[in-house]
Amino acid sequence: MTTVLAHFASKEALVFDQDEHHEEGLVGAVVNRNSDQSLLNALRGYASHMQARHEQALVSAIASDPEAPMSATACRALARFTLDAYSLARDAENPLAAVEETFDLIEPGFAPAAGRQSATPLT
């Protein structure tokens with residue numbers, strides 16, 4: 001998982017770091033919502049947008065790496081598992097151990113692609 005972790009300062013950053021504008025975005029989703037939009041729908045829309053933005057950026061970084069999985073689907077899956085590690089860890093008694101366990105579970109399926117072709121370009 002060194003490929004994914006190369007994009008973060010540390011494993012802790014992967015789980016606990018937030019966008020520097022994350023707080024502003026959350027507050028803005030509430031304060032700047034349309035008058036006919038409910039509070040929950042505004043927050044749900046913000047969360048969906050942030051997840052999609054982070055996922056696509058991470059998929060692109062993974063796909064361009066020489067150790068990328070062979071297929072675009074595998075690149076997307078690895079990005080999704082990486083981002084979902086946070087929600088798994090958040091509720092764990094030991095969040096860092098939960099992240100480690102999550103990556104230990106998925107690592108065999110995403111072994112380095114040594115000798116394989118690069119991932120199929122994403123469209």
Side-chain angles (χ1 to χ4, degrees):
M1 293 297 98
T2 57
T3 301
V4 172
L5 296 176
H7 299 281
F8 298 91
S10 65
K11 288 181 184 178
E12 293 82 2
L14 170 67
V15 178
F16 299 110
D17 274 4
Q18 301 291 325
D19 279 337
E20 61 184 63
H21 303 291
H22 184 67
E23 183 177 315
E24 292 171 17
L26 281 169
V27 171
V30 172
V31 174
N32 300 322
R33 73 184 190 275
N34 293 329
S35 60
D36 62 342
Q37 186 179 31
S38 74
L39 175 64
L40 289 176
N41 282 337
L43 291 171
R44 179 180 291 124
Y46 177 80
S48 297
H49 172 74
M50 290 303 296
Q51 177 76 11
R53 184 177 73 91
H54 288 303
E55 184 176 325
Q56 187 54 48
L58 189 53
V59 167
S60 294
I62 291 168
S64 68
D65 194 279
E67 295 181 20
M70 287 181 72
S71 73
T73 300
C75 291
R76 285 185 184 100
L78 182 53
R80 178 80 48 92
F81 291 142
T82 299
L83 293 170
D84 286 345
Y86 170 77
S87 52
L88 291 170
R90 181 183 57 218
D91 297 328
E93 186 176 314
N94 183 338
L96 293 177
V99 170
E100 287 291 332
E101 184 177 357
T102 300
F103 278 94
D104 288 346
L105 288 167
I106 64 173
E107 190 167 22
F110 294 98
R116 293 192 275 173
Q117 297 177 357
S118 296
T120 305
L122 302 174
T123 56

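Taking each heavy atom of Cys75 and Val59 in turn, the nearest pair found is O-CG2, 4.1 Å. When all heavy atoms of Phe103 and Ala85 are compared, the pair lying nearest together is CE1-CB, 4.3 Å. Of all heavy-atom pairs between Ala89 and Ala98, the closest is CA-CB, 3.8 Å.
Rounded to the nearest 0.5 Å, atoms CZ (Arg76) and CD (Gln56) are 7.0 Å apart. Taking CD from Gln51 and CG from Asp84, the interatomic distance works out to 6.0 Å, rounded to the nearest 0.5 Å. For the atom pair NE2 of His54 and OG1 of Thr82, the computed distance is 13.0 Å after rounding to the nearest 0.5 Å. To the nearest 0.5 Å, the span separating CG on Leu83 from CG on Leu88 amounts to 11.5 Å. The distance from the CZ atom of Arg80 to the OG1 atom of Thr73 is 11.0 Å, given to the nearest 0.5 Å. Atom CD of residue Glu55 and atom CG of residue Leu58 lie 8.5 Å apart, to the nearest 0.5 angstrom.
In this structure, Asn34 contributes its side chain and Asp36 its backbone to no donor-acceptor pair below 3.5 Å.
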Discussion item. Under the criterion side chain to side chain contact (heavy atoms under 4.5 Å, CB included), I'd like the reasoning laid out for Leu96 against Glu100: C-alpha separation, chi angles, the key distance, then a yes or no.
Written reply: CA-CA 6 Å; Leu96 293 177; Glu100 287 291 332; 5.8 Å; no
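Connection of Leu26 to Val31 is not established within any shared hydrophobic cluster, with ILVMFWY side chains joined at heavy-atom distances below 4.5 Å, either directly or through further cluster members. Each of Val30 and Val27 belongs to its own hydrophobic cluster when Ile, Leu, Val, Met, Phe, Trp and Tyr are linked at side-chain heavy-atom distances under 4.5 angstrom.
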